Amino acid sequence: MPIVTLPDGKTKSFDKPVSGLEVAQSIGSGLAKAALAIKVNGETKDLAHVIDRDVSIAIITSPKPGQATSPEALTLMRHSAAHVMAEAIQDVLGKDVLLAYGPPTDTGFFYDMSIPEGKKLSSDHFAAINKRMAEIIAENRSFTRYEVSAAEGLPKLKSEGNKYKTDNAERALGMPSSVYKSSKPVAAPASGPSGTQSLSFYATGAPGKDWEDLCRGPHVPSTGRIGAAAVMSLASSYWHGDENSDSLTRVYGTAFGSKEELDAYMVRLEQAKARDHRVIGKALRLFHIDETVGQGLILWTPNGAIVRKELQNFIGAELKKQGYTEVFTPHIGSLDLYKTSGHFPYYKDAQFPPIIERDTLDALATCSCSEVMRRVEGVSQRLADGINERTKATTIAADRIMPDDQLVQGFMLKPMNCPHHAKIFGSSPHSYRDMPVRLAEFGTVYRWEQSGELNGMTRVRGFTQDDAHLFCTEDQIPAEIQGCLSLVKTIFNILGMKDYRVRVGLRDKDSSKFTGSPESWDKAEAACIDAAKSLGVSFSQEPGEAAFYGPKIDFVVKDVIGREWQLGTVQVDYQMGNRFDLSYVGPDNKPHRPVVIHRAPFGSMERFCGVLIEHFAGAFPTWLSPEQVRVMPISEKTNDYAQVVTNALRSAGVRVKLDDSDGRIQQKVKVAADEKVPYMLIVGPRDAENNQVSVRARGTEKDLGAMGLEAFVSGIKAEIDAKKAELTVRP
RNA sequence: GCCGCUGUAGCUCAGUGGUAGAGCAGCGCUUUUGUAAAGCGCGGGUCGCAGGUUCAAGUCCUGUCAGCGGCUCCA
């Protein structure tokens, strides 16, 4: 008979199998009332789940009034709310809406569904759906689980004509899908581990009478236990995430333990919008995107250019300390360069199309499209032989080799800087004594991102990487990776960015996609993991996420609405040396292949500045602020002295503006505060007389008092030079 | 690229098929001000673009471009 161990270590024994609810009741009636589900040996189960053996349990409860809902309770409520929303949508739009898949997420839940042709779900339906959801919640119908055998359940689903649910069931049963056909491998079952022998359904109420859904569960006991839920937005998705498969409508919703929490969430979303880099970027005139210039192409306005330039100067100074040398390379390169590196044509969908010489273009006018592509993508015999020999494989297939007179010459806007840097390394001989060679460049690259993916400064089509390539010997890899990470650490510390995540991409040992010797990989992976550990932040090891040419470390941050963006990256590359036939002379007087480390600690200036704008909500530390000081005379009478103050700051190298507009001081303060200027210097007759300035710092709501002009200048200079995060100058 | 939403003055936004509006910003005048918006006045628009329906279109329809949220992808 079951003995149940509670989280505090106490045990309770029962003389017959008991449900989760009965266990809760045996502890207390209040607990039973609040109970939503039960955790059995760490696995969440329905409250009705029957315990018939010795287990350890924990009870998941609704929040007490005024308290936050626990993450486990939120997941249960959201999963349950997904059922309620699906029922509501079918009530509003019709039963012929086919449901596919509806899981909880970090911020709520979604349900993917197929809307029948001729019908349309739009946000106009949200009010009706929300109303119906509230009704279902008010009805407080119980979530009733029942299980049927595969032999019974599958025909039931098939007879209902929903291929998506049939597919879910087949995958849950570990069977090959009879309805999903694709070249893509089938993803892991969405509804549970494969190999179960029965299928579970949940009726929202009574089985056979009320609405029901194939579902693994678990759920809250009844709809009334969902605190508050709302439908949020619409999107499209693909069945199995496969763009060649059916397009589904994804309906997003969210649920919380109480109406108050839901309302607070909505307020937070609203507030986040005010911190959005696109909003701040416009208000503070940091950057502009012009339709006529082109989608995803950033115009850095003077204010934004200052922020970027300061960052670049900062990185440049750090790189100098680490022994980097700077190079400059053009924005385009010949097609042959990218055929050598291997980037063309394999990544052609992500690149701007080739730039073809005028005469060649005229000559091609009579060719068919496929012939043009064949000639553009073709490779000369000489180039192919060289690459195949160096990579010791048929890297360039025979059918891509073409006679020289048919090959189309042309250029590409560079999608990355490495081929150019490889050519610089290869342009002169290197001794092992010179290694590593560290070539750095703020290199601008262009990538053809899908239009729907573009996003302010964080996802663009032209961007400048804080790029560098380290050409080193295999023994130097660990120290070089370590050096890259210490640079990242320095930069993030100065900027006060602590909320980032580190991903270490390792190879999938079962895959042949990864080139190079296993020994080299093991060493490089160990070096990456060691370096990541030294950062002192949490990091995850992700097998299979390495590039095919080597392991990598990525830095990921979240934006104001919770989306993750990859910033910096450090990648080890064993391929590039072969591709470009790079070498250095070793102590044995023989040529050796260098390993290349690609690294961009900020990722790109565009994305990093976008993230930084949100990080500071536009209130940059003084050293980064486009305008560091604003001088504001009380009236025209002190304009002359204000000009003296302004000149003193300007000649000290401080970015200062004089507001001698014909307004009252209250208005000048308001405007400067809105523009997030770090220091306001208010000067009136009193100040002019004593050669002083009255200081007001951003973020403080009052006059801090007066100080001597010279003391202020030297104070702010010190603050800027030290790149202080806080405003420190005080009278 | 896909689904949904949005597009009106420099910015934020109103605008029943019937004469294009407000606030802020800009310019001019008055005011000479001591710490989060002084007053008055004046300019400013192919209502994203292209078609269509209509006596009449910012408003309705079709197409298209761009932005937003999500999906897919991300060397």
Side-chain angles (χ1 to χ4, degrees), chain A residues 105 110 112-115 120-126 184 232-252 269 273 276 278-279 282-283 285 288-292 294-296 338 341-344 346-351 415-419 445 447-456 459 465 545 547-550 552 554 561 563 565-566 569 571 573 575-576 598 632-639 661-675 680-687 694-698 700-706:
Chain A
T105 65
F110 63 79
D112 281 351
M113 51 190 76
S114 173
I115 309 289
K120 188 180 146 180
L121 182 61
S122 87
S123 51
D124 294 341
H125 294 109
F126 283 7
K184 271 185 78 169
M232 300 289 287
S233 63
L234 290 169
S236 90
S237 64
Y238 300 108
W239 192 20
H240 287 274
D242 176 358
E243 63 178 324
N244 299 312
S245 183
D246 298 9
S247 178
L248 302 170
T249 299
R250 176 167 294 184
V251 190
Y252 280 87
L269 282 185
K273 275 186 204 156
D276 190 306
R278 292 163 298 192
V279 174
K282 194 179 258 184
R285 297 186 306 281
H288 175 64
I289 299 173
D290 189 280
E291 210 178 301
T292 310
Q295 280 184 284
Y338 296 100
S341 71
H343 292 113
F344 189 81
Y346 298 107
Y347 296 107
K348 67 180 174 192
D349 289 347
Q351 297 163 355
M416 65 278 302
N417 304 300
C418 22
V445 298
R447 300 184 188 178
W448 189 258
E449 304 291 354
Q450 296 188 95
S451 63
E453 259 304 330
L454 297 172
N455 186 284
R459 191 72 180 260
Q465 296 178 309
E545 292 302 306
F548 70 90
Y549 49 71
K552 61 176 182 175
D554 293 330
I561 53 178
R563 291 179 297 205
W565 296 99
Q566 182 190 318
T569 182
Q571 306 185 357
D573 186 343
Q575 260 306 319
M576 198 160 90
H598 311 249
M632 301 183 272
I634 295 285
S635 77
E636 265 173 32
K637 289 174 187 164
T638 39
N639 275 4
S661 63
D662 178 22
R664 301 197 305 162
I665 196 66
Q666 285 85 343
Q667 186 183 18
K668 294 181 184 182
V669 168
K670 163 87 166 88
V671 169
D674 283 349
E675 294 178 7
M680 301 178 212
L681 298 185
I682 286 102
V683 292
R686 284 206 299 272
D687 304 293
S694 294
V695 182
R696 182 169 166 146
R698 184 182 63 207
T700 48
E701 286 183 11
K702 57 180 171 68
D703 178 8
L704 295 171

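Computed from a predicted structure; not experimentally measured. Numbers restart at 1 for each chain; the letters A, B, ... are given by sequence-line order, proteins then strands.
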Rounded distance in Å between the [atom1] positions of [N] and [M]:
N     : M     : atom1 : answer
B/G52 : B/G70 : C1'   : 33 Å
B/A20 : B/G15 : C1'   : 8 Å
B/U19 : B/U59 : P     : 14 Å
B/G18 : B/G58 : P     : 10 Å

Within the structure shown, what part of the strands sits under 4.0 Å from [X] by heavy-atom distance: base, sugar-phosphate, or nothing?
X        : value
A/Ala673 : base
A/Leu454 : sugar-phosphate
A/Phe110 : nothing
A/Leu121 : sugar-phosphate
A/Gly456 : sugar-phosphate
A/Lys282 : sugar-phosphate
A/Ser635 : base
A/Arg278 : sugar-phosphate
A/Arg563 : sugar-phosphate
A/Gln295 : sugar-phosphate
A/Lys668 : nothing
A/Asp662 : base
A/Ile634 : base

Distance-only donor-acceptor test, A/Ser694 side-chain atoms vs B/G34 base atoms, 3.5 Å: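 Under the 3.5 Å cut-off, the side chain and the base do form a donor-acceptor pair.
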Flag for A/Asp703-A/Ser694: side-chain donor and acceptor within less than 3.5 Å: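 Result is no, nothing qualifies.
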Distance in angstrom units between A/Asp276 CG and B/G69 P, rounded: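 Answer to the nearest Å: 7 Å.
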A/Arg459 side-chain proximity, nearest of B/U33, B/C3, B/C74: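 Closest of the options to the side chain of A/Arg459: B/C74.
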Side-chain N or O of A/Arg696 closer than 4.0 Å to phosphate OP1/OP2 of B/A36: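 Answer is yes, contact under 4.0 Å.
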N/O (side chain, A/Gln666) to phosphate O (OP1/OP2, B/G34) under 4.0 Å: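 No, because none of the side-chain N or O atoms of A/Gln666 sits under 4.0 Å from OP1 or OP2 of B/G34.
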Counterpart base for B/G34, defined by Watson-Crick or G-U wobble contacts under 3.5 Å: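 With both distances under 3.5 Å required, B/G34 matches none.
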